[in-house]
Amino acid sequence: MRFSLAVISAKASLLAALLMLVGFAAQAQQAGDTTSISCGPPLPRMLCVDLDGRPSIDEPAGPFTYQWHMGDGTTLTGPTVSYCYKERKNYVVELDVIVDKTGEIRRGQKYIPVNLVQQNIIDFTTTTTRVRVGQPVSFDSPEAQLITCRNVQYVWDFRDGTIMQGRTAQHSFRRPGTYSVRFSMRGYGSQDCVASHCVSREIVVEP
């Protein structure tokens, strides 16, 4: 959003513009902010890939059978494939091409690195999502990471007035109700590092 100072001539107008800017800043949800009403659910891990082998193949020599070795023991066929891995790791996909007319196997026509490790993960786990008043619940964030950020801080807001820091936390709720426990991350580096990185999960507390 842009504001042109050239059109703000009077002091009253300038003051009003500054107040407007302050208002927008106050609405920006920052990691570690405990006044926001809600925070979205964890996003799914990026474990799926879509691959197209046609651009790397000499089409006039075809037709071909495309054979994809996905790097985890799985083999798929077809000029294009979609696949979801089970583990967040680094893989190298190898594309072999079989010339249908001759049976010739052209191995390693394409090697594709698939990096599923270098991605931001804002997520946490709980020992349970339904407890009784006074029963402790453990929270953990073993995979949480902001790849490009330094000195990342982890903040837990249990939505009952209690706030803790660290990768892990344990908390007992004193009153029954449904609490959208919030996990926030904040780091140093680019502007994206200090922006909001938060997710929430509901904990139901019974009497």
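One is the number of the first residue; the rest follow in order along the sequence.
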>> What verdict does the side-chain contact (heavy atoms from CB on, under 4.5 Å) test give for Thr125 and Glu143, after you've listed the backbone C-alpha separation in whole Å, the side-chain angles of each residue and the deciding distance to 0.1 Å?
In response: CA-CA 10 Å; Thr125 62; Glu143 292 190 294; over 6 Å; no
>> Tell me the closest heavy-atom pair linking Val199 and Cys39, and the distance in Å.
In response: N-SG, 3.4 Å
> Which value, rounded to the nearest 0.5 Å, describes the distance between Lys86 atom NZ and Leu47 atom CG?
Replying inline: 12.0 Å
>> Side chains of Ser184 and Asp157 only: does a donor on one sit below 3.5 Å from an acceptor on the other?
In response: no
> What residues form a side chain to side chain donor-acceptor pair (under 3.5 Å) with Glu206, not counting sequence neighbours?
Replying inline: Arg130
>> So, applying side chain to side chain contact (heavy atoms under 4.5 Å, CB included) with Leu51, which one of Thr80, Leu95, Ile112 is it?
In response: Ile112
> With a 4.5 Å limit on heavy-atom distance, are the side chains of Val97 and Arg107 in contact?
Replying inline: no
> When you check the side-chain N and O atoms of Asn120 and His197, is any donor under 3.5 Å from an acceptor?
Replying inline: no
>> Applying side-chain contact (heavy atoms from CB on, under 4.5 Å) to Asp160 and Arg175, what does each step give before you reach the verdict?
In response: CA-CA 9 Å; Asp160 64 351; Arg175 296 180 180 177; over 6 Å; no
> With distance as the sole criterion, is a donor-acceptor pair present between the side chains of Ser82 and Asp50 under 3.5 Å?
Replying inline: yes
> Looking only at heavy atoms, what is the nearest atom pair of Ser172 and Gly134, with distance?
Replying inline: OG-O, 3.5 Å
> At what distance, to the nearest 0.5 angstrom, does CZ of Arg186 lie from SG of Cys193?
Replying inline: 12.0 Å
> What's the shortest heavy-atom distance between Pro113 and Tyr111, and which atoms?
Replying inline: CD-O, 3.8 Å
> Between Tyr179 and Phe173, does the ring centre distance come in under 6.0 Å?
Replying inline: yes
>> When you compare the side chains of Thr178 and Glu202, does any donor N or O come within less than 3.5 Å of an acceptor on the partner?
In response: no
> Could you give the distance from OH (Tyr188) to CG (Leu146), rounded to the nearest 0.5 Å?
Replying inline: 13.0 Å
>> Taking the side chain as everything from C-beta on, heavy atoms only, tell me whether Asp96 gets closer than 4.5 Å to Gln109.
In response: no
>> A side-chain contact here means heavy atoms from C-beta on lying under 4.5 Å apart; do Thr65 and Asp100 qualify?
In response: yes
> Same cluster for Val133 and Phe139 if Ile/Leu/Val/Met/Phe/Trp/Tyr side chains link at under 4.5 Å?
Replying inline: yes
> Would you call the rings of Phe158 and Trp156 parallel, tilted or perpendicular, where under 30° means parallel and over 60° means perpendicular?
Replying inline: parallel
>> Taking Trp68 as the starting point, is it possible to reach Val99 by hopping between hydrophobic residues whose side chains are less than 4.5 Å apart?
In response: yes
> Within a strict 4.5 Å, meaning less than it, do heavy atoms of the Lys101 and Pro63 side chains meet?
Replying inline: yes
> Does any donor atom in the side chain of Tyr154 or Arg167 lie under 3.5 Å from an acceptor atom in the other side chain?
Replying inline: yes
> Side-chain contact, heavy-atom cut-off 4.5 Å: Arg88 with Ile121?
Replying inline: yes
> Can you tell me how far the OG atom of Ser200 sits from the CZ atom of Phe183, to the nearest 0.5 Å?
Replying inline: 12.5 Å
> Quick one: does Thr127's side chain have a donor or acceptor within less than 3.5 Å of a partner on Ser138's backbone?
Replying inline: yes
>> Does Arg174 have more than 12 heavy atoms from other residues, nucleotides or ligands lying within 6.0 Å of its CZ?
In response: no
> How many angstroms lie between CD in Gln145 and CD1 in Ile122, if you round to the nearest 0.5 Å?
Replying inline: 9.0 Å
> Closest approach of Met185 and Val152, non-hydrogen atoms and distance?
Replying inline: CE-CG1, 3.9 Å
> Should we say atom CZ of Arg132 is surrounded by more than 12 heavy atoms from elsewhere, each under 6.0 Å from it?
Replying inline: no
> Is the NZ or CZ atom of Arg201 both under 6.0 Å from the centre of the six-membered ring of Phe124 and within 45° of that ring's axis?
Replying inline: yes
> Side chains of Tyr83 and Thr74: donor-acceptor distance under 3.5 Å anywhere?
Replying inline: yes
>> Between Tyr85 and Tyr91, is the ring centroid distance below 6.0 Å?
In response: yes
>> Applying side-chain contact (heavy atoms from CB on, under 4.5 Å) to Val131 and Ile203, what does each step give before you reach the verdict?
In response: CA-CA 8 Å; Val131 296; Ile203 302 295; 4.2 Å; yes
> Taking all non-hydrogen atoms of both residues, which atom of Gly187 and which atom of Cys149 are closest, and how far apart?
Replying inline: CA-CB, 4.2 Å
> Run the side-chain hydrogen bond (donor to acceptor under 3.5 Å, both in side chains) check on Arg182 and Ser180 step by step: do they pass?
Replying inline: CA-CA 6 Å; Arg182 177 179 166 186; Ser180 295; over 6 Å; no
>> So, taking the atom named NE2 in His69 and the one named OG1 in Thr75, what distance separates them when rounded to the nearest 0.5 Å?
In response: 5.0 Å
> Would Thr77 and Gln67 count as a side-chain hydrogen bond (donor to acceptor under 3.5 Å, both in side chains) if you check the C-alpha gap in whole Å, the side-chain angles of each, and the deciding distance to 0.1 Å?
Replying inline: CA-CA 5 Å; Thr77 57; Gln67 196 170 72; over 6 Å; no
>> Run the side-chain contact (heavy atoms from CB on, under 4.5 Å) test on Asn151 and Gln153 for me, step by step, so that the C-alpha distance in whole Å, both residues' side-chain angles and the decisive distance to 0.1 Å come before the verdict.
In response: CA-CA 6 Å; Asn151 301 325; Gln153 298 178 356; over 6 Å; no
> Does the side chain of Val117 come within less than 4.5 Å of Gln119's, by heavy atoms?
Replying inline: no
